[in-house]
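Before any comments, here is the structure.
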Amino acid sequence: MVFSWVRKKAADQEKLKKGEELVIPNQFVCPISLDLMKDPVSLSSGITYDRESIESWLEGGNFTCPVTNQVLRSFDQIPNHSLRKMIQDWGVANRNYGVERIPTPRVPVSGIQVSELLFILEDSVRSLNGRRCLELVQKVKKWGSESERNRLCVVANGAITVFSAAFDAFARDNSFETNANLLEEILSNMNWMFPLSQLHSLGHHTEAAQARLGSQDSLRCLVWLLKCGDLSAKKDSMIALKELVSSDQKHAEALAAIEEASEVLFRLVKEPICPAITRSSLMVIFHLVSSPSSTSMAIKSELVKMGLVSLLLELTVDSERSTSETALGVFDMLCDCEEGKEEAYRNALTFPVLVKKILRVSELATQFSVSAIWKLGRHENEREKVNIFLAEALQVGIFQKLVLLLQLGCGSVTKEKATELLKTMNPCRPELECVDSVDFKNLKRSF
């Protein structure tokens, strides 16, 4: 036996010297993915598959064995430990070929285990046992870190509702600092349970989760974490806020009513610490100023006084697509209030930036840019400023940009605004316009 192993090893080394390709034994290959199995499991049909592959097959609505095509009597997946050990030994023996040893897979969590843990967590929340809650939340976090299947299992058993209730319970009475560690752990877990819209489409009831996470206590805690938390806490809090305000406008109105909320969001844009946080902050601000309520107008005026108009223009000059789109969207909304228009008129970057972004970033950015210019050109109480604005816009080539936009095609609302702007600027066009041919480079006609 020893001699045969030595001869086999010598033969493998000889193949390696000759540069021959290593062939994976057929019994080690998954019949579905045709890759080396990492976690072999056997079905009731007696055929062994890689766990990840067969789970994807079954989740796709299939009830048969892929190889035999017979209907499965049971969906139980029995770990094939002997085959997995053989695959591991084969990987060690062929490490000279670059084969890495397959780690021993962990047994995936079951729905019963998740349900039991969530039941205990609910009981601990009712008694406000913070230490016990932290242990349970960390256990769920460990499950989620082991595999995507565990995460799906946790989410499918309604964890988002229990976690949001726990967050709301420990955020009450402004006891943020006392429970900061637990609150951050809960948010960290909820991160991979979003988005709520996807959960709702899968048949999960998310209204209770939204109500708990969108309560005044929870929102105040999220704002506090944005202000005082570390980078990880800020990221998790911002993701939760963005999820809330994008799911229902009433959460944006509730957030706008919280003291310091707009100031904290503005500071995160002005003093960027992470591109993801900057983008999310702009998105949350966009939902705050998009609300038709009176609170939204107050928020707009407050943000303009802080200097958000100038900050948005500077940010838009040289930023990637998603950030530029959101910044232009917020700028467009700020132009609805008198203070925003006045600040835009005073800033020398307003017209060059808005005109340059038309047809240069995306259709959405073009829509926001045209809308903002259209609003600034309709200030009836300040005709002198409007005329100066139109003259500056013509000098940076807006007339040609709008004509080209109509030729290439755009949305009906943007088309109406562009047409109205062209009619307004046409009388003074020959004297003032100036064209930069670089702006039209590589643009294609629609025909």
Side-chain angles (χ1 to χ4, degrees), residues 1-2 4-9 11-13 15-16 20-118 139-140 142-159 192-193 198-199 201-204:
M1 189 72 177
V2 175
S4 63
W5 172 254
V6 171
R7 285 197 299 270
K8 184 178 182 303
K9 185 175 181 182
D12 288 341
Q13 290 178 348
K15 287 183 179 180
L16 183 61
E20 295 183 14
E21 184 178 354
L22 179 66
V23 178
I24 302 175
N26 291 333
Q27 65 269 29
F28 297 168
V29 175
C30 174
I32 298 176
S33 65
L34 301 180
D35 290 330
L36 183 66
M37 289 187 282
K38 298 179 180 179
D39 187 7
V41 293
S42 299
L43 299 184
S44 57
S45 61
I47 307 299
T48 299
Y49 302 91
D50 196 28
R51 186 188 295 275
E52 183 178 352
S53 299
I54 194 59
E55 283 181 348
S56 299
W57 169 266
L58 296 175
E59 288 171 3
N62 300 290
F63 303 100
T64 58
C65 173
V67 172
T68 64
N69 205 31
Q70 69 183 77
V71 177
L72 295 171
R73 300 189 304 272
S74 169
F75 294 129
D76 292 341
Q77 301 165 23
I78 311 301
N80 194 328
H81 296 297
S82 58
L83 181 58
R84 187 252 307 158
K85 184 68 169 58
M86 291 170 63
I87 294 174
Q88 289 177 328
D89 292 342
W90 178 84
V92 172
N94 292 278
R95 59 181 179 273
N96 291 334
Y97 284 89
V99 179
E100 296 182 1
R101 183 182 183 278
I102 305 298
T104 302
R106 296 180 180 274
V107 178
V109 67
S110 65
I112 296 176
Q113 289 177 287
V114 175
S115 298
E116 290 178 349
L117 185 144
L118 292 178
K139 188 171 183 179
V140 174
K142 182 182 178 182
W143 283 346
S145 65
E146 289 176 358
S147 68
E148 182 64 22
R149 181 192 183 282
N150 284 358
R151 292 189 177 195
L152 293 174
C153 184
V154 169
V155 171
N157 283 274
W192 45 265
M193 300 180 191
Q198 181 178 342
L199 294 177
S201 65
L202 293 174
H204 300 292

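The first residue of the sequence shown is numbered 1, and numbering continues consecutively from there. Hydrogens, waters and symmetry mates play no part in the numbers below; they use all other heavy atoms, side chains included.
A distance of 9.0 Å separates CD in E148 from CD in E52, rounded to the nearest 0.5 Å. Remark: W143 CH2 to R106 CZ distance equals 13.0 Å, nearest 0.5 Å. In this structure, CD1 on I54 lies 10.5 Å from CD on E59, to the nearest 0.5 angstrom. Of the inter-residue distances, the one linking L43 atom CG with D76 atom CG reads 9.5 Å to the nearest 0.5 angstrom. If you take CE on M37 and CG on L83, they are separated by 4.5 Å, rounding to the nearest 0.5 Å. With rounding to the nearest 0.5 angstrom, the CG atom of N26 is 10.0 Å from the CG atom of L34.
Between D39 and D50, the closest side-chain pair of non-hydrogen atoms falls below 4.5 Å. Looking only at side-chain heavy atoms (C-beta outward), N157 and S115 come within less than 4.5 Å of each other. Side-chain contact check for P25 versus I87: every heavy-atom pair is 4.5 Å or farther apart. P79 places a side-chain heavy atom less than 4.5 Å from the side chain of R51.
V99 approaches W90 most closely through the heavy-atom pair CG1-CZ3, 3.9 Å. Taking each heavy atom of Q77 and L58 in turn, the nearest pair found is NE2-CD1, 3.7 Å. Nearest heavy atoms, R151 versus G144: NE-O, 2.9 Å. Summarising the geometry of S42 relative to N80, their closest heavy-atom pair is OG-ND2, 3.5 Å, with the distance given to 0.1 Å. The minimum heavy-atom distance between Q113 and P108, with the atom names listed, is OE1-O, 4.3 Å. N62 and W57 make their closest contact through ND2-O, 2.7 Å (heavy atoms, listed as atom of the first residue, atom of the second, distance).
Panel note: side chain R84, backbone P103; no donor-acceptor pair is recorded below 3.5 Å.
More than 12 heavy atoms of other shown residues, nucleotides or ligands fall within 6.0 angstrom of atom CD in E55.
A side-chain contact (heavy atoms from CB on, under 4.5 Å) with S44 is found for one member of V71, I78, L72 and no other, namely L72.
For the residue pair Q88 and T104, a side-chain donor N or O sits within less than 3.5 Å of a side-chain acceptor on the partner.
Ring geometry for F75 versus F63: interplanar angle of 30 to 60°, hence tilted.
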